[in-house]
Amino acid sequence: MKKTETKVEPVTSAAPENTENTGHADNAAKEPADPYMQRILEAARQLFTESGLEAVSMYGIAKRAGIGQGSLYRRFTDKGEICSALLLDSTEQFLSGMEQQLAASAGETAALAHLQSSIEQVVGFIEQYAELLNMIKSEFTGKKQLTQFEHPFFQRLGRIMSELLHRASANGEIIGIDPRFAATALISVLSPDLYLYEQKRNGSSKEEISQGIVALFITGLSKR
């Protein structure tokens with residue numbers, strides 16, 4: 001069975017993602033010159049790589065960064081926000097690239113093929129950052145009493161998938177199904193916890209997981 005490693009990119013941004021529902025991270029994003037921010041992110045990156053996300057506490061991050069817990073909590077309310085900050089550049093580059101592809105393909109008739117390519121890209125991104133994404137999702141949904149669909153990352157991803165499904169429906173490529181609902185269902189499957197479960201419990205590879213999702217949402221929806 002394949003073992004999942006926590007991969008954390010070197011910190012390249014001193015501020016976390018400035019999006020809705022990110023609590024104290026919004027305040028931190030307005031203070032790019034904050035001298036503690038880089039120390040916190042670098043300490044978290046080191047600890048996550050050394051021990052794994054679950055084993056690291058906010059206390060441990062503060063200690064490694066050489067700051068008080070109060071200073072840490074004024075900038076981040078939980079590990080999910082720290083993970084969001086660590087992934088800021090990677091997620092923005094990934095989502096912007098997908099949005100650019102969507103805009104460039106406007107008017108094309110092969111929407112279903114584009115949807116399949118997008119699914120495969122998302123699975124690849126999740127495979128690279130599964131542990132961090134799962135921590136972000138867990139902290140967001142647990143403490144803020146929201147669903148993953150309300151997180152900015154999944155909202156942007158959902159808009160991309162919804163647009164492609166609407167195009168496929170308009171082109172007559174798929175069976176009669178509500179594209180909006182299908183997009184929501186697809187986002188629920190394109191989830192880091194599902195990926196980790198399949199990988200750890202069933203030993204599924206990235207290719208097998210991708211093929212399974214494609215079978216459901218491409219083969220299963222396409223008109224034969």
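Note that the coordinates shown come from a computational prediction; the quantities given were computed from them, not determined experimentally.
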> Can you tell me how far CE of Met135 sits from NZ of Lys137, rounded to the nearest 0.5 angstrom?
Replying inline: 13.0 Å
>> Between the side chains of Arg156 and Glu99, is the shortest nitrogen-to-carboxylate-oxygen separation below 4.0 Å, so that they form an ion pair?
In response: yes
>> Is it the case that the side chain of Glu208 and the backbone of Ser205 share a donor-acceptor pair, with hydrogens and angles ignored and the cut-off at 3.5 Å?
In response: yes
> Are a donor atom and an acceptor atom from the side chains of Ser204 and Asn202 found within less than 3.5 Å of each other?
Replying inline: no
>> What I'd like to find out is whether the side chain of Ile213 reaches to under 4.5 Å of the side chain of Leu186, using heavy atoms alone.
In response: yes
> Who passes side-chain hydrogen bond (donor to acceptor under 3.5 Å, both in side chains) against Ser96, sequence neighbours left out?
Replying inline: Glu92
> Are the side chain of Asn134 and the backbone of Pro192 linked by a donor-acceptor contact shorter than 3.5 Å?
Replying inline: no
> For Gly172 and Lys223, which heavy atoms make the closest approach, and how far apart are they?
Replying inline: O-CD, 3.4 Å
> Linking I/L/V/M/F/W/Y whenever any side-chain heavy atoms sit under 4.5 Å apart, do Tyr73 and Ile136 land together?
Replying inline: yes
> Which heavy atom of Leu41 sits nearest a heavy atom of Ala85, and at what distance?
Replying inline: CD2-CB, 3.6 Å
> Residues in side-chain hydrogen bond (donor to acceptor under 3.5 Å, both in side chains) with Ser71, at least two apart?
Replying inline: Arg74
>> For Leu53, is there any backbone N or O sitting under 3.5 Å from a side-chain donor or acceptor partner on Lys79?
In response: yes
>> Tell me which pairs pass salt bridge (Lys or Arg N to Asp or Glu O under 4.0 Å) where either residue lies in residues 100-118, with sequence neighbours left out.
In response: none
> Are Lys206 and Tyr195 close enough that some pair of their side-chain heavy atoms sits under 4.5 Å apart?
Replying inline: yes
> Could you give the distance from CD1 (Ile82) to CG (Leu87), rounded to the nearest 0.5 Å?
Replying inline: 12.5 Å
>> With a 3.5 Å distance limit and no angle check, can you tell me whether Ser51 reaches the backbone of Phe48 through a side-chain donor-acceptor pair?
In response: no
> What heavy-atom pair brings Ile174 and Ile177 nearest, and what distance separates the two atoms?
Replying inline: CD1-CG2, 4.2 Å
>> How about CD on Glu54, more than 12 heavy atoms from neighbouring residues, nucleotides or ligands closer than 6.0 Å, or not?
In response: no
Let me check something: any side-chain donor-acceptor pairs from residues 60-68 under 3.5 Å, sequence neighbours excluded? List them with distances.
unit_1	atom_1	unit_2	atom_2	d
Arg64	NH1	Gln46	OE1	3.0
Arg64	NH1	Glu50	OE2	3.4
Arg64	NH2	Glu50	OE1	3.0

> How many angstroms lie between atom OG of Ser222 and atom CZ of Phe217, to the nearest 0.5 angstrom?
Replying inline: 13.0 Å
>> How close do Met58 and Phe76 get, counting heavy atoms only, and between which atoms?
In response: CE-O, 3.6 Å
> Judged by atom type as modelled, is there a donor-acceptor pair below 3.5 Å linking the side chain of Glu120 to the main-chain atoms of Glu207?
Replying inline: no
> Can you tell me how far the CG atom of Leu95 sits from the CD atom of Gln100, to the nearest 0.5 Å?
Replying inline: 11.0 Å
> Are the side chain of Asn171 and the backbone N or O of Glu173 linked by a donor-acceptor pair below 3.5 Å?
Replying inline: no
> Shared ILVMFWY cluster between Leu216 and Leu157, side chains joined below 4.5 angstrom?
Replying inline: yes
> Residues two or more places apart in sequence or in another chain: which of them pass side-chain hydrogen bond (donor to acceptor under 3.5 Å, both in side chains) with Gln101?
Replying inline: Gln121
>> Rounded to the nearest 0.5 Å, what separates atom NZ in Lys200 from atom CG in Asp193?
In response: 11.0 Å
>> Keeping Gln116 on the side-chain end and Ile218 on the backbone end, is there a donor-acceptor pair under 3.5 Å?
In response: no
> Does a donor on one side chain sit under 3.5 Å from an acceptor on the other, for Glu81 and Ser84?
Replying inline: no
Residues 158-165, side-chain donor-acceptor partners within the protein, below 3.5 Å, at least two apart:
unit_1	atom_1	unit_2	atom_2	d
Ser162	OG	His166	ND1	3.4
Glu163	OE2	Arg167	NE	2.9

>> A quick test of your reading: do over 12 heavy atoms of other residues, nucleotides or ligands sit less than 6.0 Å from CZ of Phe149?
In response: yes
> Just how far is it from atom CG of Leu194 to atom CD1 of Ile209, taken to the nearest 0.5 Å?
Replying inline: 7.0 Å
> Are any side-chain N or O atoms of Thr184 and backbone N or O atoms of Arg180, one a donor and one an acceptor, separated by less than 3.5 Å?
Replying inline: yes
>> Checking Phe94 against Phe125 for the ring-ring contact (aromatic ring centres under 6.0 Å, His included) test, could you report, in this order, the C-alpha distance in whole Å, the side-chain angles of both residues, the deciding distance, and whether it holds?
In response: CA-CA 8 Å; Phe94 175 73; Phe125 185 78; 4.3 Å; yes
